[in-house]
Amino acid sequence: MCGRFVSTTTPQDLVSLLGELRWDPAETLAPSWNVAPTDPVPAVLERLDRDTGEVLRQLRPLRWGLVPSWSKDPSGAARMINARSETVDTKPAFRKAFAARRCVIPADGYYEWREVPATDDRRKYKQPYFLSTGGLMLMAGLYEFWRDPSRPEDDPLAWLATATVITTDATDSAGRVHDRMPLTIAPGNLPTWLSPGHTEPAELHHLLRRPADGALRVRAVPPTVNSVRNNGPELLATAPDPLGLADLSPPVPTDPGLGAIR
């Protein structure tokens with residue numbers, strides 16, 4: 001998976017789809033059609049309430065790019081936006097989070113790029129593609145807390161909460177564009193995936209699914225998405241496909257909405 005995705009789902013939409021969910025209105029993120037590494041991303045997770053002893057399902061903003069708790073500083077976060085499913089339970093940066101701090105990150109879809117060769121009258125360039133199920137994807141993720149040792153313990157900015165997206169080998173239509181793709185969690189499997197009490201690696205791996213079984217919808221979109229400064233629904237407009245990788249079926253609307261979770 002490359003480093004950009006679309007996230008426009010509101011907390012109210014998530015409640016209607018996933019059931020009871022707590023969030024702080026002051027932390028609600030604006031819709032984004034060009035989420036990039038180190039941006040805040042919405043994440044659904046479950047945490048123990050220390051006052052009541054109850055495990056609560058929450059929607060929280062986390063910075064995209066995981067910083068392990070043992071890191072000296074957060075400078076490597078942009079390189080940790082993805083965790084490979086093949087090693088997520090053994091790699092030191094991810095294994096503790098995989099055992100106890102799992103989440104899902106709602107996304108409308110994600111972007112990948114393929115290089116278009118140069119011609120006599122044009123330089124080579126990277127053509128972006130938008131890959132989606134036509135509905136909401138609950139991307140499987142992990143989260144971590146990192147404490148900044150330079151700040152006092154009672155400083156609200158002393159703790160940084162970060163996240164990563166779990167990926168696997170891409171198949172079918174997604175594999176035409178890139179060799180990796182995000183994994184997702186079905187809504188019915190959220191109680192097990194999010195629960196800190198479930199720690200068996202084999203059971204957790206069994207919950208990971210390719211979105212739409214790998215048969216994602218692929219559309220060429222405007223190169224304006226290449227710049228993180230650009231953000232808006234116009235980034236999802238259908239564009240010419242110089243490489244012939246897009247689906248031949250009718251394009252989805254420029255603002256796909258929630259649709260069905262796939």
Side-chain angles (χ1 to χ4, degrees), residues 1-11 13-14 27-43 59 61-66 74-82 105-119 121-139 141 162-165 167 170 173-174 176-182 184 211 216-247 250-259:
M1 176 185 175
C2 199
R4 310 277 185 84
F5 67 92
V6 177
S7 178
T8 66
T9 308
T10 68
D13 289 330
L14 287 173
E27 295 181 336
T28 300
L29 299 175
S32 177
W33 290 264
N34 204 355
V35 181
T38 72
D39 282 351
V41 297
L59 177 65
L62 305 175
R63 199 175 80 164
W64 190 20
L66 190 135
S75 60
R79 300 190 301 272
M80 305 280 277
I81 58 173
N82 295 156
I105 299 173
D108 302 29
Y110 65 100
Y111 299 107
E112 292 291 3
W113 283 259
R114 284 288 296 271
E115 186 174 280
V116 179
T119 62
D121 57 356
R122 188 197 64 219
R123 300 175 64 181
K124 67 180 181 180
Y125 69 97
K126 289 189 175 182
Q127 171 61 48
Y129 291 87
F130 181 65
L131 292 85
S132 71
T133 64
L136 179 67
M137 296 166 53
L138 297 177
M139 298 191 299
T162 61
T164 189
V165 173
T167 66
S173 55
R176 297 199 304 262
V177 185
H178 196 269
D179 63 348
R180 303 292 293 180
M181 66 188 300
T184 57
L216 293 169
R217 303 180 186 183
V218 178
R219 288 191 298 118
V221 292
T224 47
V225 75
N226 296 356
S227 172
V228 295
R229 293 188 296 261
N230 298 323
N231 201 324
E234 67 277 3
L235 298 182
L236 295 183
T238 301
D241 178 16
L243 298 175
L245 299 177
D247 297 325
V252 296
T254 56
D255 185 5
L258 278 176

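As the structure is a prediction and not an experimental result, all values here were calculated from the model.
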Notebook entry, point to check: Quick one: side chain to side chain contact (heavy atoms under 4.5 Å, CB included) partners of Ala174, sequence neighbours excluded?
Noted result: Tyr110, Leu131, Ala170, Met181, Leu216
Next item on the list: Nearest 0.5 Å please: distance from the CD1 atom of Ile81 over to the CG atom of Leu66.
Entry: 11.5 Å
Checklist line | Side chains of Asp241 and Tyr129 in contact at under 4.5 Å (non-hydrogen atoms) | finding: yes
Margin query: The criterion is side chain to side chain contact (heavy atoms under 4.5 Å, CB included); which residues satisfy it with Arg123, sequence neighbours excluded?
Written below: none
Note to self: Once side chain to side chain donor-acceptor pair (under 3.5 Å) is applied, do any residues pair with Ser32, and if so which ones, sequence neighbours excluded?
What the structure shows: Asn231
Note to self: Do Gln127 and Leu245 have side chains that approach each other closer than 4.5 Å (heavy atoms only, starting at C-beta)?
What the structure shows: no
Next item on the list: Find out whether Leu243 and Val116 are in side-chain contact, i.e. whether some heavy atom of one side chain is under 4.5 Å from a heavy atom of the other.
Entry: yes
Checklist line | Verdict with reasoning, Phe5 to Met139, per side chain to side chain contact (heavy atoms under 4.5 Å, CB included) | finding: CA-CA 11 Å; Phe5 67 92; Met139 298 191 299; 4.1 Å; yes
Checklist line | Non-hydrogen atoms of Leu62 and Ala43 that approach each other most closely | finding: CD1-CB, 3.4 Å
Item checked: Side chain to side chain, Asn34 and Arg229, heavy atoms closer than 4.5 Å -> no
Check: Would a 4.5 Å heavy-atom cut-off, applied to side chains only, mark Val41 and Ser7 as touching?
Finding: no
Note to self: Working note: Val228 + Arg4, criterion side chain to side chain contact (heavy atoms under 4.5 Å, CB included); need CA distance, chi angles, decisive distance, verdict.
What the structure shows: CA-CA 9 Å; Val228 295; Arg4 310 277 185 84; 3.5 Å; yes
Checklist line | Heavy-atom closest pair, residues Glu112 and Arg180 | finding: OE2-O, 3.9 Å
Margin query: To check you understand the geometry: which heavy-atom pair defines the closest contact between Ala237 and Pro222, and what is its length?
Written below: O-CD, 3.0 Å
Note to self: My understanding is that only residues two or more places apart in sequence, or in another chain, count here; which of them pass side chain to side chain donor-acceptor pair (under 3.5 Å) with Ser227?
What the structure shows: none
Next item on the list: Report the residues that fulfil side chain to side chain contact (heavy atoms under 4.5 Å, CB included) with Pro74, sequence neighbours left out, ordered by chain and then residue number.
Entry: Arg63, Val67, Trp146, Leu160
Checklist line | Closest contact, heavy atoms only, Pro42 versus Leu59 | finding: CB-CD1, 4.0 Å
Check: When you measure from the side chain of Thr162 to the backbone N and O of Trp64, does any donor-acceptor pair fall under 3.5 Å?
Finding: no
Note to self: Ring-plane angle category for Tyr111 and Phe130, please: parallel below 30°, perpendicular beyond 60°, tilted otherwise.
What the structure shows: tilted
Checklist line | Asn226: partners by side chain to side chain contact (heavy atoms under 4.5 Å, CB included), with sequence neighbours left out | finding: Trp113, Pro128, Pro223
Check: Which residues pass the salt bridge (Lys or Arg N to Asp or Glu O under 4.0 Å) test with Arg176, sequence neighbours left out?
Finding: Asp247
Item checked: Asp39: partners by side chain to side chain donor-acceptor pair (under 3.5 Å), with sequence neighbours left out -> none
Item checked: Separation between OG1 of Thr224 and CG of Asn230, rounded to the nearest 0.5 Å -> 5.5 Å
Next item on the list: Nearest 0.5 Å please: distance from the CG atom of Leu136 over to the OG1 atom of Thr9.
Entry: 4.5 Å
Checklist line | Rounded distance (nearest 0.5 Å) linking atom OG1 of Thr8 with atom CG of Asp13 | finding: 8.0 Å
Checklist line | Arg219 side chain vs Ser132 backbone, donor-acceptor pair below 3.5 Å | finding: no
Check: Counting N and O atoms only, with roles assigned by atom type, does the side chain of Thr164 sit under 3.5 Å from a partner on the main chain of Met80, one being a donor and the other an acceptor?
Finding: yes
